[in-house]
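Data first, discussion second: the structure below is written as structure tokens.
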Amino acid sequence: MVSWKPISPFRLCSLLRSQKDPSLAFQLFTNPNPNHDRPFRYSLLSYDLIITKLGRAKMFTQMEQILQQLQRETRFQIPEPLFCHVISFYARARLPARALHAFLSIPSFRCSPSLKSFNSLLHALLTCRQFNAMSQLMSRVHHFGTPDACTYNILISACSSQGHVERAWKLFDEMRQRGVPPNVVTFGILTNLLCKNSLVQEAFKLKEDMERGFRLKTNVFVYTNLIKGVCEIGDFDWAFRVKDEMVRNNLRLDAVVYNTLINALFKAGKKEEGFRVLEEMKNNGCKPDAVTCNVLIVEHCRQNNFVEAYRVLDGKEGVKPDVVGYNVVIGWLCKQGKWSKAVDLFHDMPRRQCAPDVVTYRTLFDALCQWMQFAEAGLILEEMIFKGFVPHALSLNEFVEGLCREGKFELLLTVLNELGRGGLCNEETWKSVVSMVCTRENMSAPFEVFDTLVLA
DNA sequence: ATAGGGTTAG
């Protein structure tokens, strides 16, 4: 037996840093020295590293296990940003209750929550679109401090995403009245809100105000909003002038700016100009990213050029597109009735290292129902429910109705069982099945179906 | 990573 030099707490950190696989990192953390039974003295940094890694990978069971271990480590006072991370991980996974729980547990880690973690929770609720919970939380803000610019920015974003333009301006006024100066982020949110509502002139007026009245420099975020706004009213000359102004102000044109322009040009049918900007992007040393690929894929599909679309999927632009790119191609294939090709691409996604998401499953399931491919649709639905994704209610009803119409009782039984388990039986499901039971001549099979429904 | 910008679907 070779005797290894035991891993030191310091070495564990560097090993955790370089370990790409979160599961292996977790194993390493929980058992750093397999052949030594002396208790390991973990450093605070190693906790931070493993929690962040697990959170990013949405491995929440393991993350909670480490957090509980950390809770018992009375040697440390845990720095607040770690909790802000944890809260935002739960937000990204759309788990608002867990985010709240993480926030409430902060004192048990010998740390007192300040406005920072309060804002993190507020933002988590916004991400999960829990607007009522946001108001309830705001009524307790005084326990944690006085609302700062960040708090207001989150609240204004919430108004923006609900389309409450007037309320957003009220908050903007309120923050100034209370002596909280708006910052460049505030103006990013507000210009976005204005441009989204086609109030481009007003957005430019606000930019002037921001520079003259508030002495703030317009940054790339604000410029991107403005460029998108002027593109949407079809004024591309203006868009290019804004782009030139950015360069004059020594701002680097990044992929987001280029993607905005290329996408808008394609949408306006200016294909050549779009590709010209793509060339300029590359010549300027700005590398296309996944979104660039997706924008190109949309255009190729619109031109019915699936060969080129697949080339981009294969990494023609030097980057691999993400799940959105796959969803676009699958969506267009479906729209053209090439559902079998769409299913092929879907099955090829794991090999291509891209995990299908809700949109992938919904797109496929919707299309298969529409093209009455019930057997294939049933398989997709099963997998979808297994992964916890929820199908569109409309397609689901179409599917159940189709099965009833075609008398496919065997499949119907399986599906109803799955729907029942997934808690997805709605009133329409019942209506379809009940009306079939009542109109069919051969009553034996429907009775079986009815039994399943009652048992579910 | 305390808050803001670009792509699909709905």
Side-chain angles (χ1 to χ4, degrees), chain A residues 52 55-56 80-89 91-92 103 113-124 126-127 144-145 147-158 160-161 175 182-193 195-196 203 218-229 231-232 246 251 253-264 266-267 281 288-299 301-302 312 321-332 334-335 356-367 390-395:
Chain A
T52 308
R56 267 199 250 276
E80 192 175 12
L82 180 60
F83 300 105
C84 297
H85 280 155
V86 171
I87 291 168
S88 75
F89 291 142
R92 266 196 5 201
F103 175 76
S114 77
L115 195 62
K116 274 187 188 167
S117 37
F118 177 90
N119 286 340
S120 293
L121 179 61
L122 192 65
H123 185 245
L126 168 61
T127 307
F144 306 92
D148 61 3
C150 180
T151 316
Y152 275 105
N153 289 342
I154 296 166
L155 293 175
I156 294 173
S157 291
S160 175
S161 67
M175 69 190 290
N183 57 25
V184 65
V185 178
T186 320
F187 287 98
I189 298 164
L190 289 172
T191 46
N192 185 262
L193 170 68
C195 290
K196 215 168 53 182
T218 302
N219 66 7
V220 60
F221 285 78
V222 175
Y223 272 120
T224 310
N225 290 327
L226 296 173
I227 288 176
K228 195 185 178 198
C231 283
E232 252 148 40
M246 288 181 72
L251 287 173
L253 301 175
D254 63 12
V256 179
V257 175
Y258 280 116
N259 292 339
T260 307
L261 274 167
I262 297 168
N263 181 53
F266 283 159
K267 284 253 161 75
M281 174 182 186
D289 65 6
V291 175
T292 321
C293 291
N294 299 336
V295 168
L296 289 170
I297 287 171
V298 172
E299 179 61 12
C301 287
R302 204 163 31 209
V312 180
D322 55 18
V323 64
V324 175
Y326 285 89
N327 292 346
V328 173
V329 177
I330 288 174
W332 276 87
C334 286
K335 216 178 286 182
D357 67 359
V358 219
V359 179
T360 322
Y361 281 101
R362 286 183 174 178
T363 308
L364 258 185
F365 182 65
D366 292 1
V390 179
H392 282 139
L394 221 64
S395 308

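Proteins come first, then strands; the chains are lettered A, B, ... in the order of their sequence lines, and each starts at number 1. Heavy atoms only: backbone and side chains are in, while hydrogens, waters and symmetry mates are out.
- Nucleic acid contact class of A:Asn219 (heavy atoms, under 4.0 Å, all strands): base.
- Listed nucleotides B:dT2, B:dG10, B:dT8 differ in distance to A:Asn119; the shortest reach to its side chain belongs to B:dT2.
- Across all strands, A:Lys267 comes closer than 4.0 Å only to sugar-phosphate atoms, never to a base (heavy-atom distances).
- Atoms NZ and OG1, from A:Lys196 and A:Thr191 in turn, are 11.0 Å apart once rounded to the nearest 0.5 Å.
- Across B:dT7, B:dA9, B:dA1, the shortest atom-to-atom separation from the side chain of A:Arg92 is found for B:dA1.
- Judged purely by distance below 3.5 Å, without hydrogens or angles, the side chains of A:Asn327 and A:Asp357 pair a donor atom with an acceptor atom.
- For A:Lys116, whose side chain is taken as the heavy atoms from C-beta onward, the closest listed nucleotide among B:dA3, B:dT7, B:dT2 is B:dT2.
- Which of B:dG10, B:dT2, B:dG4 sits closest to the side chain of A:Ile189 comes down to B:dG4.
- At a threshold of 4.0 angstrom between heavy atoms, the contacts of A:Val257 include nucleobase atoms, whether or not backbone atoms are also involved.
- Nucleic acid contact for A:Thr363: none, since no nucleic acid atom lies under 4.0 Å from a heavy atom of the residue.
- Not a single ring-ring contact (aromatic ring centres under 6.0 Å, His included) links A:Tyr223 to another residue, sequence neighbours left out.
- Side-chain proximity of A:Val222 to B:dT2, B:dG4, B:dT7: nearest is B:dG4.
- Taking 4.0 angstrom as the limit, A:Asn327 places none of its side-chain polar atoms (N or O) nearer than this to OP1 or OP2 of B:dA9.
- Each of B:dT2, B:dG5, B:dG4 was ranked by its minimum atom distance to the side chain of A:Asn192; first place goes to B:dG5.
- The phosphate of B:dT8 (OP1 or OP2) has no side-chain N or O of A:Lys335 nearer than 4.0 angstrom.
- Every residue two or more places apart in sequence or in another chain that forms a salt bridge (Lys or Arg N to Asp or Glu O under 4.0 Å) with A:Glu299 is listed here: A:Arg302.
- The A:Val295 side chain lies nearest to B:dT7 when the options are B:dG4, B:dT7, B:dT2.
- Taking only distance into account, the side chain of A:Asn183 meets the base of B:dA3 through a donor-acceptor pair shorter than 3.5 Å.
- Applying the 4.0 Å criterion to OP1 and OP2 of B:dG4, one finds that A:His123 has a side-chain N or O inside that range.
- Among the protein residues, A:Val184 comes within range of the nucleic acid bases, having at least one heavy atom under 4.0 Å from a base atom.
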